[in-house]
Amino acid sequence: MAILISGRGSNMAAVVDWLHERRLPVELVLVASNRPEAEGLALARARGLPTQVVDHAGYPDRLAFDQAMAQTLNDAQPDLILMAGYMRIVTPWFCETFTGRLLNIHPSLLPAYSGLRTHARALADGVRVHGATVHAVTADLDQGPILAQAVIPVYPQDDAQGLADRLLPLEHALYPQAAAAVLSGLARLTPQGWQFDGPMAPGFETLRFSQRLLHRELAGDLVHG
Ligand code: GRF
């Protein structure tokens with residue numbers, strides 16, 4: 001597996017640590033950043049992972065940059081690539097090159113709030129729940145087939161930072177198990193969307209995967225049905 005980052009890298013570190021703690025048979029072949037100053041690069045190096053920087057500032061356009069990043073990825077030969085706080089809009093060419101092998105985590109309950117400032121926009125709309133989505137990356141920004149979602153409550157006193165802080169631990173729990181579901185063979189992307197009937201590869205027998213992860217405070221709400 002390879003992981004693409006641009007900044008803090010907390011999701012990258014959470015995925016790596018989660019897989020390591022469970023001794024799942026996954027090799028981390030590359031952590032790559034488009035920004036040389038990404039803090040996550042140090043987290044990756046501290047975990048003994050190979051890192052590469054492909055600085056987008058050195059390329060004339062999106063396609064030239066994506067081709068360089070794709071070359072770097074292909075050299076590492078990952079079966080799965082995670083975008084984890086990778087702040088680039090990728091070209092359709094990049095999506096097609098890695099079809100079925102490219103996941104992203106987005107901090108909203110997609111298809112609502114694609115793009116940026118998701119927490120502030122959700123608060124402005126007065127939503128009662130918010131969350132994060134792990135999805136396949138396609139040429140439609142933030143709209144590829146949904147693999148798994150995490151849901152948190154929204155309270156009247158919340159601000160955008162508070163929502164982000166409440167959501168992040170769920171992102172850190174959601175992303176590794178969703179990635180492991182794909183790596184294990186359990187989750188397969190088909191033209192009809194995700195199917196969850198694949199045979200599990202050896203070594204993943206202990207994996208438990210849920211397509212939904214609920215914040216514990218939601219347990220206090222009324223249940224219908
Ligand atoms: C996360 O909130 C993720 O959902 C979004 O960007 C943020 C990245 O944080 N795509 P980090 O770099 O993983 O700490």
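Since the structure is predicted, the reported quantities are computational estimates derived from the model, not experimental observations. Note that ligands are numbered from 1 as they come in the structure, with each ligand's atoms numbered from 1 the same way.
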Subject >> Expected output: side-chain Trp18 to main-chain Gln177 donor-acceptor under 3.5 Å >> reply: no
Original post:
Do other residues, nucleotides or ligands put more than 12 heavy atoms under 6.0 Å from Asp79 CG?
Top reply: no
Subject >> Greater than 12 external heavy atoms within 6.0 Å of Gln77's CD >> reply: no
Subject >> Within 6.0 Å of CE in Met200, more than 12 heavy atoms from elsewhere >> reply: yes
Original post:
Crowded around Glu39 CD? As in, over 12 foreign heavy atoms under 6.0 Å?
Top reply: yes
I'd like a table of the close N/O pairs between ligand 1 and the protein (anything under 3.5 Å), one pair per line with both atom names and the distance.
unit_1	atom_1	unit_2	atom_2	d
ligand 1	2 (O)	Glu171	OE1	3.3
ligand 1	2 (O)	Glu171	OE2	3.1
ligand 1	4 (O)	Glu171	OE1	2.7
ligand 1	4 (O)	Glu171	OE2	3.4
ligand 1	9 (O)	Arg8	NH2	3.1
ligand 1	10 (N)	Ile105	O	3.0
ligand 1	12 (O)	Gly9	N	2.9
ligand 1	13 (O)	Ser10	N	3.4
ligand 1	13 (O)	Asn11	N	2.8
ligand 1	13 (O)	Asn11	ND2	2.9
ligand 1	14 (O)	Arg8	NE	2.5
ligand 1	14 (O)	Arg8	NH2	3.1
ligand 1	14 (O)	Ser10	N	2.9
ligand 1	14 (O)	Ser10	OG	2.5

Subject >> For Arg101, all residues meeting side chain to side chain donor-acceptor pair (under 3.5 Å), sequence neighbours excluded >> reply: none
